[in-house]
> 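Submitted below is the structure of interest, expressed as structure tokens.
Reminder, nothing fancy here: chain letters follow the sequence lines and each chain counts from 1.
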Protein chains: 2
Amino acid sequence: EIRYEELSPAEWFRRNKELAGLTNPTRAMYQTIREFVENSLDATESYGILPSIKVKIDYYDKARGWVSVYVEDNGVGIPDSEIPNVFGRVFYSSKYRIRQHRGVFGLGAKMIILYAQSTTNKPIYVRSAPLGSDRIYEYVLMINTLKNEPIILERREYENKYRWHGTAVKVIIEGDWPRAKKRVEEYLKRTYMIAPYAEIILKAPDLFLCFPRVTTKLPPPPKEGLPHPKSVDVELIKHLIARNPNLTLREFLTEYFDGVGKQTAEAFLKWAKFDPNKKVGDLTEDEITELTTKMREFNGWRRPKADWLSPVGEELLIEGIKKVLEPEFVAAVTRKPSSYMGHPFIVEAAIAWGGRIPPSDKPIVYRFANKVPLLYDEGSDVIRKVVEEIDWSVYKVKFPAPLAVIVHVCSTKIPYVSAGKEAIADVVEIEEEIVLAIREVARKLRQYITKKEKEEEIYIK
Amino acid sequence: EIRYEELSPAEWFRRNKELAGLTNPTRAMYQTIREFVENSLDATESYGILPSIKVKIDYYDKARGWVSVYVEDNGVGIPDSEIPNVFGRVFYSSKYRIRQHRGVFGLGAKMIILYAQSTTNKPIYVRSAPLGSDRIYEYVLMINTLKNEPIILERREYENKYRWHGTAVKVIIEGDWPRAKKRVEEYLKRTYMIAPYAEIILKAPDLFLCFPRVTTKLPPPPKEGLPHPKSVDVELIKHLIARNPNLTLREFLTEYFDGVGKQTAEAFLKWAKFDPNKKVGDLTEDEITELTTKMREFNGWRRPKADWLSPVGEELLIEGIKKVLEPEFVAAVTRKPSSYMGHPFIVEAAIAWGGRIPPSDKPIVYRFANKVPLLYDEGSDVIRKVVEEIDWSVYKVKFPAPLAVIVHVCSTKIPYVSAGKEAIADVVEIEEEIVLAIREVARKLRQYITKKEKEEEIYIK
Ligand SMILES: Nc1ncnc2c1ncn2[C@@H]1O[C@H](COP(=O)(O)OP(=O)(O)OP(=O)(O)O)[C@@H](O)[C@H]1O
Ligand SMILES: Nc1ncnc2c1ncn2[C@@H]1O[C@H](COP(=O)(O)OP(=O)(O)OP(=O)(O)O)[C@@H](O)[C@H]1O
Ligand SMILES: [Mg+2]
Ligand SMILES: [Mg+2]
């Protein structure tokens, strides 16, 4: 008698936590902090708010290895009716949009709550006030894993006397703070390195970190984009048709897709042999498939816009690297936008040399995806792959050398290797852009090293 | 106005196909074949049936890069009422049990169907007859991604005149057969290498493979196990309590857990300071947490049984390696069962040397998890990590050398790095066992090389 079962997404991820980076108490300690800090940065920076983030870590039950983690931000807050949903339902998110955010899966906070429930049986505490709200809302929540629904244990609301806005969360997890401490410090340092407009304060056992804002210049928040016609698949086309079956094919293309004007739409439809006036609701299944295939094949689409992206920028990169790494030399480049499968992306690279950078047998690699520092799974990451395949002697680098390579990839869809969001997959277009970006700054390093060699020769003479 | 959305699991995986290995048409070609072949092997081997599997690949629309993939087995079949569920609902499976299978996530077949829907808009065709059934059932299905439900386009049933049993599936996907061909051949060859009781036939453009059975001796199917007390978490305990809140703590432990007899249960409860006669339904939240923590801490549990596992065995390993690699020397070892977090696992390792193995700068690594050959993501795999860290000169191996290392890890829960099931995460206990297993067979290789050197000296003299 074979038993067939269905699992809710919450139950499935509870059983397969390692797919989301929760492999042991050390990594869980790190993942808890990063998932909440990234949510706080999304809730501030993406809405034009200068981020102020507080992180507080305390031992809750040292014998059992339990730690409490508190993260507070001055962000855009969460509406009362949505608080139970965003923390109580796996695959629930405000970031399923075509826009650069740190979050992407609608899973992060829920994984931490599932981990806490599984190890300490403690609920999550949430306090939030949306921007301009005259009330503050507090919840104590758990997740019903069998149904993928929130369990509201407590709810309070009270007057927002001092017009606070933002979100505070607190969980109690089985976490190895002493083992994770170094990496958490590195994570926050690197976060700040490329977001020096963020103020981050961490209070923890044996660790106090204070990163004050070094600039009040916030990069403009990315706009929300439309899908690019090269990134379509049949399901997406069907979802869009269902929204308004009465649109003509011409209207359908210009309304729902990035960079498609009336002329481009008509040129495409002529090439693909479709009637521009046909209603999309009248397309047969085969025609829908044909339309999709042709959209992906057509070479006349405009390149994807970068308005939905938010690169760090060369100036801010250099400033942050100088402050954190204190090198003798630094060069940075922000490449022009490119795209893979219709998803726009930008690669930024920097090289830092000498100064307080310790000599090492191979380059120290700093990886970033959508402004998030990646500290695990380096072996699976395309950035590490590119750095290893470069012949550094061409740039006058002899190992051991005090060389750091910083690469930031930002996109409306980062092709993560796993739901733990620690490594970027080796998509061909992204790999090629990383190679070109690193070579560009490596050439500047070579110029500097050459100039230094000449100066030393003159000095010796 | 922030827009919050919920995605069904089908829609989430459609948007994040790369998390399940569907990164491009070459990999999709490979993944389609492996997901269906692994389902067929689970449906035969796990039920004591000698597997006969047919795979047929044809170009469906060469211009658009569309390929049809047909896989048929003589397995245990799928009941009529379950066919729409197992192919139409993400997270639906018969393998959410404590038992070794190739499948584990309840996702594989659905990912292929979602990929086909997204690229060619074609449904899946399924024909199945359960063991002993007098009817054969045919379905044409798609997945409703918004609701994670099957869409039944057609259904037929007819008389099972010749008492056939098994399952046949057919999909049409955008797949790059020429680029994937080599890896598919390697996958089937290696599958057969450790399952030489399986008969596998592949007919494809430019490729005909026929692997006839070399033995009719099928390893005994693994039994279904109970969870081990070391692998508990709070959620599992709560699910089990809910099943029958009237059980006493003593009964609860002996009934639901692997290897817990009355004596062990009482010893544990005494040590953990619980009343053995207390009803589990009367435990408070804090007591449930305390019980969970203590169960994971207790050192008096019996080691996990290996009855739920199905290793290949040294004899079959050697036989398969001889047939496929044709080496001069081969040694194999099946380690005793071990466990991590209460999940039993067994590591098997073999070394093959010389003969038709080509010399290479580093060992050729053959990785297997639950009898599935792993061909991608080698850089993320713990097996590759261990092989690289071994100093092979200790075993008289000088590179370039004709050396192949074969490692098989089997467990009731393989800690996969991602849902693409191509790499095993570096769990400490598993890594240590792999090191010990490889050293064991490496020492036998050293004996052989030493003996060979002596013979050559005598011959030269
Ligand atoms: N500090 C916060 N301030 C405002 N909104 C928040 C905050 N934290 C979470 N949210 C809301 O909760 C949603 C779910 O968060 P969660 O971390 O689970 O997923 P995500 O951030 O969308 O994606 P990912 O899984 O990649 O992190 C977010 O999309 C956001 O709308
Ligand atoms: N050829 C087959 N014969 C019998 N049952 C099958 C066959 N293929 C699929 N099934 C049934 O369908 C279920 C779902 O298959 P699917 O591949 O989606 O998930 P899974 O094999 O359980 O796990 P995984 O995602 O790791 O492959 C299986 O658990 C099994 O019960
Ligand atoms: Mg998040
Ligand atoms: Mg499967």
> Check whether B:Glu290 gets within reach of chain A through its side chain, its backbone, both or neither, counting any heavy atom under 4.5 Å.
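Both backbone and side chain.
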
> Under the criterion side-chain contact (heavy atoms from CB on, under 4.5 Å), I'd like the reasoning laid out for A:Glu18 against B:Val417: C-alpha separation, chi angles, the key distance, then a yes or no.
CA-CA 7 Å; A:Glu18 63 280 355; B:Val417 165; over 6 Å; no

> I'd like to know if B:Glu5 and A:Arg89 make a salt bridge, using a cut-off of under 4.0 Å between side-chain N and carboxylate O.
no

> Classify the side-chain pair A:Ser418/B:Ser418 by whether it contains a donor and acceptor separated by less than 3.5 Å.
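No.
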
> Could you tell me which portion of B:Val427 (side chain, backbone, both or neither) has an atom closer than 4.5 angstrom to a non-hydrogen atom of chain A?
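For B:Val427, no heavy atom lies under 4.5 Å from chain A.
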
> Pick one of side chain, backbone, both or neither for A:Lys122, based on which atoms fall under 4.5 Å of a heavy atom in chain B.
side chain

> Do B:Asn148 and A:Glu6 come close enough that some side-chain heavy atom pair is under 4.5 Å?
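A side-chain contact under 4.5 Å exists here.
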
> Is B:Lys238 in contact with chain A via its backbone, its side chain, both, or neither, using a 4.5 Å heavy-atom distance?
side chain

> So what's closer than 4.5 Å to chain A heavy atoms on B:Glu82: side chain, backbone, both or neither?
side chain

> I'd like to verify something: which residue of A:Pro130, A:Gly379, A:Pro9 has the highest number of heavy-atom pairs under 4.5 Å with chain B?
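Option with the greatest count: A:Pro9.
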
> Using a 4.5 angstrom heavy-atom cutoff, name the option from A:Ser93, A:Gly420, A:Ser380 with the most pairs to chain B.
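Option with the top pair count is A:Ser93.
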
> Side chains of B:Asp233 and A:Lys17, heavy atoms from C-beta outward: is any pair under 4.5 Å?
yes

> Using heavy-atom distances under 4.5 Å, tell me whether B:Ile2 contacts chain A through its side chain, its backbone, both, or neither.
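Just the side chain, heavy atoms under 4.5 Å.
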
> To the nearest 0.5 angstrom, please state how far the CD atom of A:Glu297 sits from the CZ atom of B:Arg64.
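The distance works out to 9.0 Å.
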
> Most heavy-atom pairs under 4.5 angstrom with chain A, which of B:Leu146, B:Asp377, B:Ile78, B:Val104?
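Maximum pair count with chain A is reached by B:Leu146.
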
> Restricting to non-hydrogen atoms, name the atom on A:Arg296 and the atom on B:Ser118 that form the minimum distance, rounded to 0.1 Å.
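In this case the closest contact between A:Arg296 and B:Ser118 is NH1-O, 4.2 Å.
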
> So for A:Lys294, is it side chain, backbone, both, or neither that comes closer than 4.5 Å to the heavy atoms of chain B?
neither

> Out of A:Gly106, A:Pro79, A:Ala419, return the one with the most heavy atom pairs under 4.5 angstrom to chain B.
A:Pro79

> Any Lys/Arg nitrogen of A:Arg3 or B:Glu224 sitting under 4.0 Å from an Asp/Glu carboxylate oxygen of the other?
yes

> Between B:Trp12 (side chain) and A:Phe105 (backbone), is there a donor-acceptor pair under 3.5 Å?
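Side chain of B:Trp12 to backbone of A:Phe105, a donor-acceptor pair under 3.5 Å: yes, one is there.
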
> Step by step, would you call A:Tyr96 with B:Leu7 a side-chain contact (heavy atoms from CB on, under 4.5 Å)?
CA-CA 9 Å; A:Tyr96 290 142; B:Leu7 298 181; 3.4 Å; yes

> Under a 4.5 Å heavy-atom cutoff, which of A:Ser8, A:Ser94, A:Gly21 has the most pairs with chain B?
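Ranked by contacts with chain B, first place is A:Ser94.
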
> For B:Arg179, is the CZ atom crowded, meaning more than 12 foreign heavy atoms sit under 6.0 Å from it?
no

> Between B:Val86 and chain A, with a heavy-atom cut-off of 4.5 Å, which part of the residue counts as in contact: side chain, backbone, both or neither?
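Contact with chain A is through the side chain of B:Val86 alone.
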
> With rounding to the nearest 0.5 Å, note down the distance linking CG in B:Leu236 to CZ in A:Arg14.
6.0 Å

> Sub-3.5 Å donor-acceptor pair from the side chain of B:Asn121 to the main-chain atoms of A:Glu285, do we have one?
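Yes, the answer is positive, given that a donor and an acceptor are paired below the 3.5 Å cut-off.
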
> Take the angle between the ring planes of A:Phe13 and B:Phe91 and call it parallel below 30°, perpendicular above 60°, tilted in between.
perpendicular

> Ignoring hydrogens and angles, tell me if any N or O in the side chain of B:Lys413 forms a donor-acceptor pair with the backbone of A:Asn16 under 3.5 Å.
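No; zero donor-acceptor contacts below 3.5 Å.
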
> Which bit of B:Thr293 is near chain A, if near means a heavy-atom gap under 4.5 Å: side chain, backbone, both or neither?
side chain

> By a 4.5 Å heavy-atom criterion (distance strictly below it), what part of A:Arg15 contacts chain B: side chain, backbone, both, or neither?
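A:Arg15 touches chain B through backbone and side-chain heavy atoms alike.
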
